[in-house]
Structures are given as structure tokens and as C-alpha cells.
Q: 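Below you'll find the structure I mean.
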2 protein chains.
Amino acid sequence: MTTTAHVCDDPKSVYLAACPCRDMLDLLANKWSALALGALEDGPQRFGALRARLQGVSPKVLTQTLRRLEDHGLVDREIYPEVPPRVEYSLTPLGEDACRPLAHLRTWVEENIERFPASR
Amino acid sequence: MTTTAHVCDDPKSVYLAACPCRDMLDLLANKWSALALGALEDGPQRFGALRARLQGVSPKVLTQTLRRLEDHGLVDREIYPEVPPRVEYSLTPLGEDACRPLAHLRTWVEENIERFPASR
DNA sequence: CAGCGATAGTACCCAATGGGAACTATAGGC
DNA sequence: GCCTATAGTTCCCATTGGGTACTATCGCTG
């Protein structure tokens with residue numbers, strides 16, 4: 001396909017379906033991604049700790065979310081060869097930077113929740 | 001159920017599964033919601049115009065997205081009784097405010113897209 | 001030495017959602 | 001009488017989301 005070849009010539013915009021920005025927005029504009037990255041702002045954490053903080057997340061979905069973030073270079077996954085297993089997740093520099101807009105979003109929601117008609 | 005009654009006593013956090021913040025985050029942390037609200041920042045627009053700006057969106061999904069935003073008080077939907085039909089979508093004050101964190105997220109993605117390994 | 005517990009998942013299954021193509025109603029213009 | 005334009009809706013299917021149950025491993029306990 002010719003689409004993958006000269007993407008760099010295109011203006012980068014999340015509004016263009018073929019732009020990689022679209023995929024990144026899809027990754028970050030996601031409930032569990034936003035929560036997982038926010039939790040990792042406090043420092044490296046184990047799978048079980050993340051699962052406890054992200055109330056309501058199932059282990060499968062948490063694994064999917066973390067793997068996707070890892071694949072895109074937002075989190076690191078370190079496996080310690082111990083028994084029982086220990087795996088620590090942490091933010092990469094890119095992940096730390098991505099946390100800022102996501103933190104804005106989370107705090108905006110919490111500060112403005114009263115204004116939403118559905119929540120009254 | 002007792003959960004709806006004294007929600008206001010709970011600390012508001014997107015990390016609590018039962019908090020209404022969680023639903024709002026789910027609404028806003030969504031690709032199409034973020035794009036639709038961003039498009040409406042330029043002023044009221046018709047369905048067809050939004051469909052053209054949000055490249056790749058199907059009419060069904062766009063309708064779903066806009067209805068959901070309308071139900072939560074983020075956008076207004078005005079129907080003009082004309083033929084062919086004309087429907088204009090616009091931001092409510094709450095929707096305008098919600099645009100700020102979403103705009104940060106969109107621009108952060110566009111400005112940092114080169115740093116993502118998957119896009120190289 | 002046979003269970004038991006702890007951790008980080010995976011396997012399996014089902015429901016919800018995402019998403020596309022085709023269809024609808026209406027009135028003006030040709 | 002037919003074509004066009006608009007804002008959807010309907011139907012269908014593939015993908016994803018999501019929950020529950022299960023697994024592997026080793027130290028510890030009885």
C-alpha cells in the first residue's frame with residue numbers, strides 16, 4: 001500500500017483517518033489506559049497493586065491494557081524471576097509525558113462531576 | 001439501590017468503580033467523543049460537516065457519539081424543520097469546558113507522535 | 001511428603017460495542 | 001416523474017470488552 005510510505009509528508013492530525021496520530025489518540029483516549037498511566041505516576045507498581053487501584057478492572061483487561069501501553073513505549077515491564085512471580089510496571093519518559101494531559105482530563109472530570117445532569 | 005442515594009458522601013475519584021466520575025471519564029476518554037467535541041469548538045456544525053471532519057466515522061457511530069454527548073449535557077442538538085433536514089450541533093457551556101483537557105490531549109498526541117516507536 | 005497460599009497471568013466463553021453498507025423520508029428542481 | 005440532498009435508521013457481522021475459572025511455581029505448614 002502506498003499509504004504507509006509517505007505518511008511523514010502529511011500534516012499530523014488526529015482528524016485524518018490514516019495518520020498514526022489517530023491510533024495514538026485511540027490508545028490514550030481510553031478509560032483503562034488513562035487510569036493505568038495515572039496510577040503509575042506514583043512510581044513503579046506490581047500487577048496486583050494496579051489491579052487493586054483500578055477498581056473494577058478484570059485481570060484480562062488489565063493485562064491487555066498494560067501490554068498495549070508497553071508495545072507503544074509508554075510503560076516498561078520488568079519481570080523478576082521469583083516465586084511467586086513478581087512483575088513491576090513503570091512509566092517510560094514518554095509515558096510520563098503522556099500523563100500530563102491525561103491527569104488534566106481526570107481532574108477535570110472529578111472537579112466538574114456535579115455539573116453533569118446524569119449524575120444528579 | 002443504596003448506591004445512588006449518598007454518592008455525594010464518597011470522595012469523588014475516577015478510580016472508584018461506583019463513582020459517577022468513572023462513567024464521565026469513560027464518555028470523554030473516547031476517540032470519537034474527543035474528536036467530535038474538538039470539531040465543535042469551531043462553532044455549531046451540521047451532521048454532514050462533522051461527518052466530513054471526523055474522517056473514517058460511520059454515520060451510525062457518529063449519531064451514537066453525538067447522542068451520548070447530548071444526553072450528558074455536553075452538546076446541544078437543534079433541529080430545523082426544513083427539507084432536506086438540517087440539524088445543528090453545538091457545545092453547551094459544560095461542553096466548552098470539557099474541550100480544554102481534550103484539546104491538550106489531542107495536541108499532545110500530534111506534537112509527540114514522532115516519539116512513538118510504532119509510528120516509525 | 002501432601003496439600004496450601006501467593007502472584008501474574010492465560011483460556012474460555014459470552015455480551016456489548018464498533019463499524020460498514022444499504023435503506024428511508026421529504027420536497028424542490030429538472 | 002425522477003433525481004438530489006440531508007440526517008439519520010436498520011441490519012448484519014467482526015472486533016473488542018469483560019468475567020470466571022484455571023494454571024504454573026515454589027516455599028511453607030502440618
Side-chain angles (χ1 to χ4, degrees), chain A residues 3 14-19 22-37 39-40 44-72 75-90, chain B residues 14-18 22-37 39-40 43-72 75-90 118:
Chain A
T3 50
V14 288
Y15 285 94
L16 300 172
C19 179
R22 178 65 70 84
D23 294 322
M24 286 310 117
L25 182 67
D26 201 20
L27 173 65
L28 294 178
N30 169 288
K31 179 178 53 171
W32 295 126
S33 292
L35 292 174
L37 290 173
L40 288 172
Q45 278 165 82
R46 302 175 64 169
F47 184 86
L50 289 171
R51 194 183 164 186
R53 287 194 58 172
L54 276 60
Q55 287 195 7
V57 74
S58 73
K60 191 191 104 174
V61 172
L62 182 55
T63 300
Q64 282 177 347
T65 302
L66 291 170
R67 288 286 197 288
R68 213 153 77 107
L69 292 172
E70 185 192 6
D71 291 343
H72 289 87
V75 308
D76 269 339
R77 178 166 169 265
E78 181 139 24
I79 307 166
Y80 298 88
E82 305 174 359
V83 167
R86 185 159 68 100
V87 177
E88 275 196 349
Y89 293 88
S90 57
Chain B
V14 290
Y15 285 94
L16 300 173
R22 178 65 70 83
D23 295 321
M24 286 309 116
L25 181 67
D26 201 20
L27 173 65
L28 294 177
N30 169 289
K31 179 178 57 172
W32 295 127
S33 292
L35 292 173
L37 290 173
L40 288 173
Q45 279 166 81
R46 303 177 61 171
F47 184 87
L50 288 171
R51 193 182 165 187
R53 287 194 60 172
L54 275 59
Q55 285 194 9
V57 74
S58 73
K60 190 191 100 171
V61 172
L62 182 55
T63 300
Q64 282 177 347
T65 302
L66 291 170
R67 287 285 197 288
R68 214 153 78 107
L69 293 172
E70 186 193 4
D71 290 344
H72 289 87
V75 309
D76 269 338
R77 179 166 169 262
E78 180 139 27
I79 308 165
Y80 297 88
E82 304 174 359
V83 167
R86 184 160 69 98
V87 176
E88 275 197 350
Y89 293 88
S90 58

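Order of the sequence lines fixes the chain letters, A, B, ..., with proteins taken first and strands second; residue numbering starts at 1 for each chain. From a predicted model like this one, the values you see are computed outputs, not experimental measurements.
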Q: To the nearest 10 degrees, how far apart in direction are the end axes of the helix from C:dC1-D:dG30 to C:dC30-D:dG1, each fit to five base pairs?
A: 30°
Q: Enter the distance from B:Ser90:OG to B:Arg46:CZ here, rounded to the nearest 0.5 Å.
A: 14.0 Å
Q: Please tabulate, for the side chains in residues 54-64 of chain B, all donor-acceptor contacts under 3.5 angstrom to protein atoms that are two or more places apart in sequence or on a different chain.
A:
residue, atom, partner, partner atom, Å
B:Ser58, OG, B:Val61, N, 3.3
B:Thr63, OG1, B:Pro59, O, 2.9

Q: What is the distance from CG of B:Leu62 to P of D:dT6, rounded to the nearest Å?
A: 15 Å
Q: Would A:Leu35 and A:Thr65 satisfy side-chain contact (heavy atoms from CB on, under 4.5 Å), going step by step from the backbone distance to the final call?
A: CA-CA 10 Å; A:Leu35 292 174; A:Thr65 302; over 6 Å; no
Q: Identify, with sequence neighbours excluded, every residue that meets salt bridge (charged side-chain N to carboxylate O under 4.0 Å, His left out) alongside A:Asp26.
A: B:Lys31
Q: Taking N or O atoms only and anything under 3.5 Å, show me the protein contacts with nucleotides 24-29 of chain D, one pair per line.
A:
none

Q: As a quick check of understanding, evaluate side-chain contact (heavy atoms from CB on, under 4.5 Å) for B:Arg22 and B:Leu16, giving each step before the final call.
A: CA-CA 7 Å; B:Arg22 178 65 70 83; B:Leu16 300 173; 5.9 Å; no
Q: Taking the side chain as every heavy atom from C-beta outward, state whether B:Phe47 and B:Leu66 have any pair of such atoms under 4.5 Å apart.
A: yes
Q: Closest approach of A:Ser33 and A:Leu27, non-hydrogen atoms and distance?
A: OG-O, 3.0 Å
Q: Please write out each protein N/O paired with an N/O of nucleotides 16-23 of chain D under 3.5 Å, distance rounded to 0.1 Å.
A:
residue, atom, partner, partner atom, Å
D:dG18, OP2, A:Trp32, NE1, 2.8
D:dG18, N7, A:Lys60, NZ, 2.4
D:dG18, O6, A:Lys60, NZ, 2.0

Q: Salt bridge (charged side-chain N to carboxylate O under 4.0 Å, His left out) with B:Glu88: which residues, sequence neighbours excluded?
A: B:Arg86
Q: Measure from CD on A:Gln45 to P on C:dA8 and round the result to the nearest Å.
A: 12 Å
Q: Ignoring backbone atoms, test whether B:Arg46 places a side-chain nitrogen or oxygen under 4.0 Å from the OP1 or OP2 oxygen of D:dA7.
A: yes
Q: When all nucleic acid strands are considered with a 4.0 Å heavy-atom cut-off, which category describes B:Tyr89: base, sugar-phosphate, or nothing?
A: sugar-phosphate
Q: What's the spacing between B:Leu50 CG and B:Leu40 CG if we round to 0.5 Å?
A: 5.0 Å
Q: Under the criterion side-chain contact (heavy atoms from CB on, under 4.5 Å), I'd like the reasoning laid out for B:Asn30 against B:Arg68: C-alpha separation, chi angles, the key distance, then a yes or no.
A: CA-CA 12 Å; B:Asn30 169 289; B:Arg68 214 153 78 107; 4.2 Å; yes
Q: Hey, is the side chain of A:Arg67 poking within less than 4.0 Å of OP1 or OP2 on C:dT10, counting only N and O atoms?
A: yes
